[in-house]
Amino acid sequence: MIQVQLPDGSIKPFPPGSTPRDVAAALGAGLARQAVAARIDGQLADLSTPLDRDCRVELITLDSPQGLEVYRHTAAHLMAHAVKDLYGDEVQVTIGPAIENGFYYDFYSERHTFSPEDFERIEARMTELAAADLPVVREEVSREQAIALFRSMGETYKVQLIEDLGEPRVSLYRQGDFVDLCRGPHLPSTGRLRAFKLTSVAGAYWRGDEKNAMLQRIYATAFPDKKELKAYLARLEEARKRDHRRLGRELDLFSFNEEAGAGLVIWHPKGALLRTILEDFERREHLKRGYDLVMGPQILRTELWKTSGHFDNYRENMYFTEVDGQSYGIKPMNCLSHMLIYKSHMRSYRDLPLRYFELGTVHRHEKSGVLHGLLRVRGFTQDDAHILCTPEQLDGEIKGVLEFVRDVMGIFGFEYEVEISTRPAKSIGSDLDWERATKALLQALDDVGLCYEINEGDGAFYGPKIDIKLKDALDRRWQCATIQCDFTLPERFDLTYVGKDGERHRPVMLHRVVLGAIERFIGVLIEHYAGNFPLWLAPVQAVVVNVTDNQAAYAEAVHRQLRAAGVRVKLDLRNEKLGFKIREAQFEKIPYMLVIGDKEMADGTVSPRYRSGQNLSPMTPDAFVQFVLDECKQYR
RNA sequence: GCCCACAUAGCUCAGAUGGUAGAGCGCAUCCUUGGUAAGGAUGAGGUCACCGGUUCAAAUCCGGUUGUGGGCUCCA
């Protein structure tokens, strides 16, 4: 007998050759039904893996993230199986992993291009294969055998995968006449797959390299039962209602125009006002934290972009203009003017740190395929700052920025993910610089108490960085705040300061943004609030609505009074019923509707109705002004 | 930039197999003066994204351009 230890610490004897499935069965029928895979001494394995020695066994069930991943990975195999059945020799299989909300499988084909019209057919075949309840069987073979097998099937991508894997033995999974190279684990049979749906097709480069062949990726999702699948699709539908592109139009915030050009935002009055509110907030917050407000020109001579290195490294993304034989680059970044400001004086260590802040509008020629509403545009404004300090001040400055980011994200109620990226293979600067800067970033993250992930080798070529990512309505992540150490620019512009010792030293530079790009931030913000901006941000905070023409003059007077007091208010005197006006104000997501009827007019009050439907008791216009100002002060 | 799809009124969308366009909402005018999510009547809006081709005839078929959507690569 072998001794099997369970997660609760108990130990049970089993005959050698027993499997995790036997273990599950011994523990209960319910568990046996729910189990999809197991962890044997910490290693993921199939339920059918024979146990040949004392070990720890942990069963993985469908309700765990790993269980769902196994389920979806098997669904990916089922999809590949169906595709091979239907399109046979025209299509080669490549890889097909589970992802956040489902799975995909990449196919290569010269002869067939998949389109959504194929989905129904593929799904139908998948349903048949699932109904056949084919056992999914693991098999280990030598690398040579595997290569021979896939070569005989004409699956050249699989052959390449095995060749690059460099393992002497690989595992295969068979179901019916379909076989795939796979590490596993998998569900025991295809019949376990109950609910799946193909969602989209997309191109994807083989191994994510644009120099490689373009594969056809079919995205799909799978859930343990149909109800969950339906709920997921309903959630997607809900998310679409929060899409900032849709709300941007519905709330009349911004638009794009084909004739103006792709990726160029046209801000309508309400959007421009929202943006202005954010920008005012930023200027106040930066001044509070010891930043200096600076401004630079939109275009700078091309020679200067050569000095900075942008001409060599960033030219494809830049717009240029030439007049009178003089070439200018439209700025894609704000750092140049900031360098020039630093250089305009002799600097002492006593002047440092210097923190130059600019709401800097930049233009970048982004590839046409990447543009995405406000989240990826070609002209945008960064809340950009460059901090120049002594090496000793670096830690404190990084910490200060992180606290800044944390405080600001707290005001908006954002959850965010933090990543730190370290030195890439191709980089400049001394080992000492990199080590010091990376350590400073890590130390600051720990000091501020932020959880983070490390992306080894993902830093900029000029320095390590911290990125902060926010999620949009569809859970796609967008980089907003970033803190980057830069060793090149102080060097290239020969920035110096005079130290205590009377010698010239090189300052350290931090490049950082807090919101990132105002456009992107507003995009994420719209989805975050689903268009229901808090009072302090709402471009229209209140609308004055009269019940009948009888109160028009009083309503106008109230409107004037509120506007003069700084409340962003609009007036709706239209000849419509109160219910109709309220309905429209609801659609506009205006926080407060100030109802004025004969009662309010007689009392000199307004009756505020919050967009939740809740009524405040009637109050004087003065009291409402005070209320709004108080709420805004608390960022509510 | 690459792959797939899409582009009809301000918005959301109808318009088999080619025969020069329709609805709802919105908008305008009139009636209605109505207390917390739609009062009624009438009316005006479209070079069917743009350019070219096939055809007696193109919103419809083909090609290109621009823009948009979902991805890939890249990135705030």
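Sequence lines set the chain letters: A, B, ... in the order given, protein chains first and strands last, and positions in each chain run from 1.
- In this structure, Asp467(A) and Ser200(A) both approach RNA chain B, and ranking their closest nucleotides by distance from the 5' end singles out Ser200(A).
- Taking atom P in both G64(B) and C2(B), the straight-line distance is 12 Å, to the nearest Å.
- G67(B) and C6(B) make up a base pair, with Watson-Crick or G-U wobble contacts both under 3.5 Å.
- The NZ-P distance, from Lys581(A) to A37(B), rounds to 14 Å in whole Å.
- Pairing partner, G24(B): C11(B), with both Watson-Crick or wobble hydrogen-bond distances short of 3.5 Å.
- Using atom P as the reference point in both C75(B) and C6(B), the two lie 31 Å apart (nearest Å).
- Taking the centre of each ring, Phe380(A) and Phe521(A) stay at or above the 6.0 Å mark.
- Which of A37(B), U73(B), G35(B) sits closest to the side chain of Glu210(A) comes down to U73(B).
- Side-chain N/O atoms of Thr548(A) and Asn550(A) include no donor and acceptor closer than 3.5 Å.
- Base pairing of A59(B): no nucleotide in any strand meets the Watson-Crick or G-U wobble criterion (both distances under 3.5 Å).
- The separation between Asn455(A) atom CG and C74(B) atom P is 13 Å, rounded to whole Å.
- Here Gln479(A) does not reach the OP1 or OP2 of C75(B): none of its side-chain N or O atoms lies under 4.0 Å away.
- The distance between atom NZ of Lys577(A) and atom P of G40(B), rounded to the nearest whole Å, is 9 Å.
- In this model, the phosphate group of A76(B) is not approached by any side-chain N or O of His511(A) to a distance below 4.0 Å at OP1 or OP2.
- Here, G24(B) and U68(B) have their C1' atoms 24 Å apart, quoted to the whole Å.
- With hydrogens and angles ignored, no donor-acceptor pair under 3.5 angstrom links the side chain of Arg246(A) to the base of C11(B).
- Nucleotides C11(B) and C27(B), compared at atom P, are 14 Å apart to the nearest Å.
- Donor-acceptor pairing under 3.5 Å, judged by distance alone, is present between the side chain of Tyr205(A) and the base of G1(B).
- When the nucleotides U36(B), U68(B), C74(B) are ranked by their closest atom to the side chain of Ala262(A), U68(B) comes out on top.
- Phe196(A) has its side chain out of reach of Arg72(A): every pair of non-hydrogen atoms, C-beta onward, lies at least 4.5 Å apart.
- With hydrogens and angles left out, the side chain of Glu366(A) and the base of G1(B) share no donor-acceptor pair within 3.5 Å.
- When the P atom is used for both A38(B) and C31(B), the distance is 24 Å, rounded to whole Å.
- In this structure, Val513(A) reaches neither bases nor backbone, as no heavy-atom distance under 4.0 Å exists between it and the strands shown.
- Here G35(B) is the nucleotide among A37(B), G1(B), G35(B) with the atom lying nearest to any side-chain atom of Lys599(A).
- Pair check for C72(B) finds G1(B); Watson-Crick or G-U wobble, both atom distances under 3.5 Å.
- The minimum heavy-atom distance between Pro539(A) and Phe533(A), with the atom names listed, is CD-CD1, 4.0 Å.
- On a pure distance criterion of 3.5 Å, a polar donor-acceptor pair joins the side chain of Asp549(A) and the base of U33(B).
- Residue-level contact check: Arg364(A) touches the bases, meaning some heavy atom is under 4.0 Å from a base atom.
- For the C1' atom pair drawn from A9(B) and A44(B), the interatomic distance equals 11 Å after rounding to whole Å.
- Checked by atom type, the side-chain pair Asn334(A)/Gln382(A) shows a donor-acceptor distance below 3.5 Å.
- Rounded to a whole Å, the CZ atom of Phe107(A) is 19 Å from the P atom of G71(B).
- Met619(A) places none of its side-chain heavy atoms less than 4.5 Å from the side chain of Thr605(A).
- Atom CG in Asp118(A) sits about 18 Å away from atom P in C3(B), given to the nearest Å.
- Residue ring and nucleobase are stacked for Phe380(A) and A76(B), with a centre distance beneath 5.5 angstrom and an angle between planes beneath 30°.
- For Pro116(A), the side-chain atoms get nearest to A5(B) when compared with the rest of A38(B), U36(B), A5(B).
- Scanning atom types as modelled, no donor and acceptor separated by under 3.5 angstrom connect the side chain of Arg217(A) and the base of C72(B).
- Base pairing of U29(B): its partner is A41(B), meeting the Watson-Crick or G-U wobble criterion (both donor-acceptor distances under 3.5 Å).
- Which of G70(B), G34(B), A37(B) sits closest to the side chain of Val547(A) comes down to G34(B).
- Contact annotation for Gly208(A): backbone-only contact, meaning every heavy-atom pair under 4.0 Å involves sugar-phosphate atoms and none involves a base.
- Minimum heavy-atom separation, Val514(A) to His286(A): CG2-NE2, 4.5 Å.
- Backbone-only contact: Ala204(A) has heavy atoms under 4.0 Å from sugar-phosphate atoms and none from a base.
- In this structure, Phe256(A) atom CZ and A49(B) atom C1' are separated by 18 Å, rounded to whole Å.
- Between Arg609(A) and the phosphate of G35(B), there is no side-chain N or O to OP1/OP2 separation shorter than 4.0 Å.
- Proximity of the aromatic rings of Phe412(A) and His528(A) is defined here by a centroid distance below 6.0 angstrom, and this criterion is not met.
- Look at Arg249(A) and you'll find a side-chain N or O under 4.0 angstrom from OP1 or OP2 of U12(B).
- Comparing C48(B) with A58(B), their C1' atoms are spaced 11 Å from each other, to the whole Å.
- For the residue pair Glu527(A)/His244(A), the side-chain donor-acceptor check at 3.5 Å is satisfied.
- To the nearest angstrom, C1' of G69(B) lies 14 Å from CG of Asp472(A).
- Taking atom CZ on Arg376(A) and atom C1' on C74(B), their separation rounds to 6 Å, with Å as the unit.
- Of the candidate nucleotides G70(B), A76(B), G1(B), G70(B) has the atom nearest to the side chain of Arg245(A).
- Note on Val362(A): nothing from the nucleic acid sits closer than 4.0 angstrom, heavy atoms only.
- The shortest distance between the side-chain N/O atoms of Arg611(A) and the OP1/OP2 oxygens of A37(B) is not below 4.0 Å.
- At a threshold of 4.0 angstrom between heavy atoms, the contacts of Gly597(A) include nucleobase atoms, whether or not backbone atoms are also involved.
- In terms of position on RNA chain B, the residue among His365(A) and Asp598(A) whose nearest nucleotide sits closer to the 5' end is His365(A).
- The P atoms of U20(B) and U66(B) are separated by 33 Å, rounded to the nearest whole Å.
- A donor and an acceptor atom, one from each side chain of Gln92(A) and Thr156(A), are located under 3.5 Å apart.
- The pairing partner recorded for U47(B) is none, the criterion being a Watson-Crick or G-U wobble arrangement whose two distances lie under 3.5 angstrom.
- Side-chain atoms of Gln586(A) stay outside donor-acceptor range of the base of A38(B), with no qualifying N/O pair under 3.5 Å.
- Across G39(B), U66(B), G1(B), the shortest atom-to-atom separation from the side chain of Phe580(A) is found for G39(B).
- Taking only side-chain atoms of Met214(A), from C-beta outward, the nucleotide of G71(B), C4(B), G67(B) with the closest atom is G71(B).
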